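Any value given below was found using the heavy atoms of this structure, including those in side chains, with hydrogens, waters and symmetry copies removed. The structure displayed is predicted, hence computed values, not measured ones. Position 1 is the first residue of the sequence, and the numbers go up from there. Just so you know, ligand 1 is whichever comes first in the structure, and atom 1 is the first atom listed for that ligand.
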Amino acid sequence: ATQHRLWPEIDRISVEQLRYARLGVGEGGWQLFAEDGEMKMYKREEESNGMVVDPLKACHVVRGVTGHEMCHYFFSPDVRMEWETTVEQMTVIEKIADDTLVFLQVHKRIWPASQRDALFWSHMRQVPDHNDRDGHDIWIVCNHSTDNSDFPQSNNGKCVRVTLTVCLVCQTFIDPPKDGAKITRDDITCKITYCSVVNPGGWAPASVLRAVYKREYPKFLKRFTAYVIDQCKDKPIMF
Ligand SMILES: CC(C)(C)c1cc(CCc2ccccn2)cc(-c2ccc(S(=O)(=O)CCO)cc2)c1
């Protein structure tokens with residue numbers, strides 16, 4: 001089959017986002033702004049022509065699920081509205097491949113800013129085993145804004161279109177049970193790094209955005225990880 005026109009960009013951004021996610025938070029001006037158990041959330045305060053685009057990086061350790069399971073539920077359109085509370089409406093407007101979809105999402109309005117929507121491709125992939133640690137395979141989902149002539153910006157002037165790049169990078173660690181016993185969920189741990197940059201695409205009060213981000217992002221990640229743990233607990237492990 002001939003390559004989809006977006007494929008070179010999808011491949012480039014996915015590789016770049018994996019590298020970016022694996023960079024530590026020691027350098028680059030990251031400031032810790034939220035902590036809850038194993039979850040640590042960092043941000044950089046950045047503006048682009050007067051708009052808050054604060055990059056966010058969250059690190060978390062989730063016990064009892066694999067990276068494949070985390071990415072499967074993060075990617076799946078069927079369950080998105082179960083865990084994603086910032087979205088009012090979600091449509092898959094194109095299926096590029098089984099592991100690559102294009103989404104149009106209308107997000108809940110953040111008063112007093114006008115309502116936003118986001119059009120982005122979403123790609124899930126497993127990357128070769130990283131033997132730089134005792135880690136196992138890595139799974140990643142990358143979401144990156146894209147244009148589509150059938151869905152122009154500010155459709156009938158209703159929503160301002162945000163541009164976003166998001167990646168969820170998950171590495172599974174297995175603590176082998178004694179004497180070759182079957183691996184159970186008690187033996188698996190998943191290290192996740194969630195990175196996001198959301199450009200509001202139009203004026204929005206910096207103070208309001210920063211307050212919303214500070215409140216909503218920790219809620220968002222906690223809710224999502226709790227959702228995956230709950231969905232997986234009675235199912236066979238998806239390695
Ligand atoms: C409320 C807050 C959490 C900060 C928020 C606001 C907005 C855009 C709405 C917005 C932004 C700026 C100004 C006004 N409204 C988008 C998102 C957002 C976008 C994408 C993803 S995802 O990880 O790709 C999963 C698929 O949905 C998660 C969250 C979050």
Side-chain angles (χ1 to χ4, degrees), residues 10 13-14 17 20-21 33-34 39 41-60 70-93 99-124 139-146 153-155 158-170 192-228:
I10 292 168
I13 301 279
S14 298
Q17 283 299 303
Y20 173 72
F33 75 88
M39 183 178 75
M41 282 206 152
Y42 305 85
K43 70 169 185 174
R44 283 204 315 259
E45 297 216 345
E46 267 175 34
E47 303 199 3
S48 138
N49 40 47
M51 290 183 297
V52 166
V53 292
D54 299 357
L56 176 118
K57 181 178 273 198
C59 304
H60 199 6
M70 290 296 287
C71 286
H72 169 81
Y73 286 102
F74 186 73
F75 175 79
S76 169
D78 305 346
V79 299
R80 176 135 322 153
M81 299 308 277
E82 308 274 306
W83 56 266
E84 174 48 295
T85 57
T86 73
V87 168
E88 206 170 78
Q89 208 180 351
M90 177 218 66
T91 319
V92 174
I93 60 167
D99 61 9
T100 310
L101 303 172
V102 181
F103 288 88
L104 176 60
Q105 293 191 163
V106 178
H107 284 264
K108 288 177 181 160
R109 187 175 172 218
I110 298 177
W111 187 90
S114 44
Q115 188 159 34
R116 258 73 178 172
D117 66 8
L119 182 74
F120 57 92
W121 52 255
S122 182
H123 173 60
M124 175 164 67
W139 283 82
I140 172 172
V141 174
C142 189
N143 297 343
H144 183 75
S145 292
T146 189
Q153 307 221 14
S154 75
N155 51 330
K158 186 181 145 228
C159 287
V160 173
R161 177 123 334 143
V162 301
T163 48
L164 60 84
T165 302
V166 165
C167 72
L168 178 71
V169 176
C170 300
I192 70 177
T193 303
Y194 173 84
C195 300
S196 97
V197 181
V198 177
N199 181 320
W203 184 82
S207 54
V208 168
L209 274 196
R210 288 194 163 125
V212 167
Y213 286 10
K214 189 176 170 74
R215 187 182 68 242
E216 291 296 325
Y217 270 118
K219 258 169 63 181
F220 165 83
L221 198 62
K222 277 183 66 177
R223 181 183 169 91
F224 173 65
T225 50
Y227 174 78
V228 176

Under a 4.0 angstrom heavy-atom cut-off, which atoms of ligand 1 come close to [X]?
X	answer
Thr86	3 (C)
Glu84	21 (C), 25 (C), 26 (C), 27 (O), 28 (C), 29 (C)
Asn143	22 (S), 24 (O)
Leu209	12 (C), 13 (C)
Ile110	1 (C), 10 (C), 14 (C), 15 (N)
Gln105	26 (C), 27 (O)
Val212	1 (C)

Using the ring of each side chain (for Trp, its six-membered ring), is Phe224 parallel, tilted or perpendicular to Phe74, with breaks at 30° and 60°?
perpendicular

Check the angle between the aromatic planes of Tyr194 and Phe220 and answer parallel, tilted or perpendicular using the 30° and 60° thresholds.
tilted

Lys214 atom NZ, over 12 foreign heavy atoms within 6.0 Å:
no

Answer yes or no: does an N/O atom from Trp83 fall short of 3.5 Å to an N/O atom of ligand 1?
no

Do you know which of Met81, His107, Glu84 makes side-chain contact (heavy atoms from CB on, under 4.5 Å) with Met90?
Met81

With a 4.0 Å cut-off, would you call Glu45 and Lys43 a salt bridge?
yes

Under a 4.5 Å cut-off applied to non-hydrogen side-chain atoms, are Ile110 and Val208 in contact?
yes

Work out whether the distance between some heavy atom of Phe74 and some atom of ligand 1 is less than 4.0 Å.
yes

At what distance is the nearest protein heavy atom to atom 20 (C) of ligand 1, and which residue and atom is it?
Leu164 CD2, 3.8 Å

Look at atom 17 (C) of ligand 1 and find which of Arg116, His107, Lys219, Arg210 reaches it with the closest heavy atom.
His107

With respect to atom 23 (O) of ligand 1, which of Tyr213, Tyr194, Tyr217 exhibits the smallest heavy-atom separation?
Tyr194

Where is the tightest heavy-atom contact between Leu168 and Cys71, given as atom of each residue plus distance?
O-SG, 4.0 Å

Side chains of Gln105 and Arg116: any donor to acceptor distance under 3.5 Å?
no

Phe220, portion touching ligand 1 at heavy-atom distance under 4.0 Å
side chain

Side chain, backbone, both or neither: which part of Leu168 comes within less than 4.0 Å of ligand 1 when only heavy atoms are counted?
neither

Just by distance, do the side chain of Thr91 and the backbone of Ile93 share a donor-acceptor pair under 3.5 Å?
no

